[in-house]
Enquirer: 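Structure provided below as structure tokens; questions to follow.
Numbers restart at 1 for each chain; the letters A, B, ... are given by sequence-line order, proteins then strands.
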There are 2 protein chains.
Amino acid sequence: MKQEDPTSIKEKKVISIGTVRELTGLSERQIRYYEERKLIFPARSGSSGIRKYSFSDVERLMEIANQMEEGVQTHEIRREWKKKEKANEDWKKQMLKGQIQAHFNNNKQ
Amino acid sequence: MKQEDPTSIKEKKVISIGTVRELTGLSERQIRYYEERKLIFPARSGSSGIRKYSFSDVERLMEIANQMEEGVQTHEIRREWKKKEKANEDWKKQMLKGQIQAHFNNNKQ
DNA sequence: CGTGTAAGGAATTCTGACACG
DNA sequence: CGTGTAAGGAATTCTGACACG
């Protein structure tokens, strides 16, 4: 019945920085800085350069805030994150490989 | 694992009018007018009076747009909507009643 | 009735920089 | 390194009103 996938909604970049500030409790300075350090990637509103964030971005910012409180440097956060990203991709590759393998064995048998 | 309910996300008032315009294709004038006619109820951003809409609001606006294209008056849309709202409440009451009834019968038997 | 528009003001956001440390 | 802040400008939003129909 519903045409909208709840996942896509979380990814839509529609929230401006002031609202993100309210949602996360971070200062605008902090939010922009984390972007500068490549931890977050807002979209830019059409004509002007106004930043737009998704709910996923907000969640990520809250995770970042936690890490920062623990004294982790932006550099570290970024590195950890890319590591996880890669692990996830490798995992998906393995899954795919498994599927193909299973299919092959199935036909042989 | 996830702490955020996808439903609550859809209800969060975080989108400003310019973005709603882009999402719906409606003019800001129209969006504000539908509010004046009690078809939509944005929140107002803290200190200033800036309107904030949810994804649900955006969906509703698109439904309104469709009705308007069909030549339905705002007055009619509002009336139809309240009717459905009431029907839904009555239905929920019936459900509740059914539950109690079932529970009662269960104990007796 | 529903919507466009010009008007003036207020609040938001942006960037680059200086400061502290 | 991470964050606060004052600075000046540009884009956004707001309200009440006049217009057309």
Side-chain angles (χ1 to χ4, degrees), chain A residues 12-55 57-58 60-83, chain B residues 12-55 57-82:
Chain A
K12 275 203 172 138
K13 311 271 191 179
V14 296
I15 313 175
S16 49
I17 198 164
T19 306
V20 173
R21 175 176 39 69
E22 287 168 6
L23 257 32
T24 62
L26 296 167
S27 69
E28 299 183 10
R29 181 69 164 100
Q30 289 173 307
I31 299 168
R32 294 200 191 97
Y33 181 67
Y34 300 151
E35 175 184 1
E36 186 182 320
R37 302 314 309 273
K38 308 265 178 66
L39 294 176
I40 193 88
F41 307 94
R44 291 300 183 117
S45 169
S47 49
S48 59
I50 289 179
R51 274 168 267 248
K52 296 293 178 183
Y53 302 83
S54 67
F55 279 104
D57 291 333
V58 170
R60 178 196 286 287
L61 279 167
M62 296 180 84
E63 285 176 33
I64 294 171
N66 286 337
Q67 302 269 299
M68 295 300 288
E69 274 175 43
E70 292 171 32
V72 187
Q73 294 198 330
T74 56
H75 177 255
E76 283 300 308
I77 298 177
R78 175 162 163 70
R79 202 153 60 69
E80 281 305 308
W81 189 64
K82 294 196 84 167
K83 195 190 287 182
Chain B
K12 275 203 173 139
K13 310 270 191 179
V14 295
I15 313 176
S16 49
I17 199 166
T19 306
V20 174
R21 176 175 39 68
E22 288 169 5
L23 257 32
T24 60
L26 294 168
S27 70
E28 299 183 11
R29 181 68 163 103
Q30 287 174 308
I31 298 168
R32 294 202 191 94
Y33 181 66
Y34 300 152
E35 176 183 0
E36 186 182 320
R37 301 314 309 272
K38 307 263 178 69
L39 294 176
I40 194 86
F41 307 94
R44 291 300 184 120
S45 170
S47 48
S48 58
I50 289 181
R51 274 168 266 247
K52 297 292 179 185
Y53 302 82
S54 67
F55 280 103
D57 291 333
V58 170
E59 281 182 15
R60 179 195 286 286
L61 279 167
M62 296 179 84
E63 284 175 33
I64 294 171
N66 286 335
Q67 303 269 299
M68 293 301 288
E69 275 176 40
E70 292 171 32
V72 187
Q73 294 198 331
T74 57
H75 177 256
E76 283 299 308
I77 297 176
R78 175 161 163 70
R79 202 153 60 71
E80 280 305 307
W81 189 66
K82 293 197 85 168

Enquirer: Rounded to the nearest 0.5 Å, how far apart are OH of A:Y34 and CZ of A:R29?
Expert: 10.5 Å

Enquirer: How would you list, by chain and number, every residue that makes a side-chain contact (heavy atoms from CB on, under 4.5 Å) with A:K82, sequence neighbours excluded?
Expert: A:R78

Enquirer: Going 5' to 3' through nucleotides 10-20 of chain C, assign each nucleotide B (protein heavy atom under 4.0 Å from a base atom), S (under 4.0 Å only from sugar-phosphate atoms) or - (no protein heavy atom that close).
Expert: -SSSSB-B---

Enquirer: What distance separates A:K12 NZ from B:F55 CZ, expressed to the nearest 0.5 Å?
Expert: 6.5 Å

Enquirer: Rounded to the nearest 0.5 Å, how far does OG of B:S54 lie from NZ of B:K13?
Expert: 4.5 Å

Enquirer: Could you give the CD-to-P distance, from B:Q30 to C:dT3, as a whole number of Å?
Expert: 4 Å

Enquirer: Considering residues at least two apart in sequence or located in another chain, which fulfil the side-chain contact (heavy atoms from CB on, under 4.5 Å) criterion with B:E63?
Expert: none

Enquirer: Minimum heavy-atom separation for B:Y53 to B:R51, with atom names?
Expert: OH-CD, 3.2 Å

Enquirer: If a stem is a run of at least 3 consecutive Watson-Crick or G-U pairs, both distances under 3.5 Å, which stems include DNA chain C?
Expert: C:2-5 with D:17-20, C:17-20 with D:2-5

Enquirer: Quick one: does B:Q30's side chain get under 4.5 Å of B:L61's, heavy atoms only?
Expert: no

Enquirer: Between D:dT5 atom P and A:I31 atom CD1, what is the distance in whole Å?
Expert: 15 Å

Enquirer: Pull out every residue in residues 69-82 of chain A that has a heavy atom closer than 4.0 Å to any atom of DNA chain D, ordered by number, or say none.
Expert: A:Q73, A:T74

Enquirer: Please tabulate, for the side chains in residues 18-25 of chain A, all donor-acceptor contacts under 3.5 angstrom to protein atoms that are two or more places apart in sequence or on a different chain.
Expert:
{"from": "A:T19", "atom 1": "OG1", "to": "B:K52", "atom 2": "NZ", "distance (Å)": "3.3"}
{"from": "A:R21", "atom 1": "NE", "to": "A:E28", "atom 2": "OE2", "distance (Å)": "3.2"}
{"from": "A:T24", "atom 1": "OG1", "to": "A:V20", "atom 2": "O", "distance (Å)": "2.8"}
{"from": "A:T24", "atom 1": "OG1", "to": "A:L26", "atom 2": "N", "distance (Å)": "3.1"}

Enquirer: Any side-chain N or O of B:Y33 under 4.0 Å from OP1/OP2 of C:dG4?
Expert: no

Enquirer: Is any NZ, NE, NH1 or NH2 atom of the basic residue among A:R44 and A:E35 found under 4.0 Å from an Asp or Glu carboxylate oxygen of the other?
Expert: yes

Enquirer: Taking the side chain as every heavy atom from C-beta outward, state whether B:T74 and B:Q67 have any pair of such atoms under 4.5 Å apart.
Expert: no

Enquirer: D:dT3 phosphate, OP1 or OP2: any side-chain N/O from A:Y34 under 4.0 angstrom?
Expert: yes

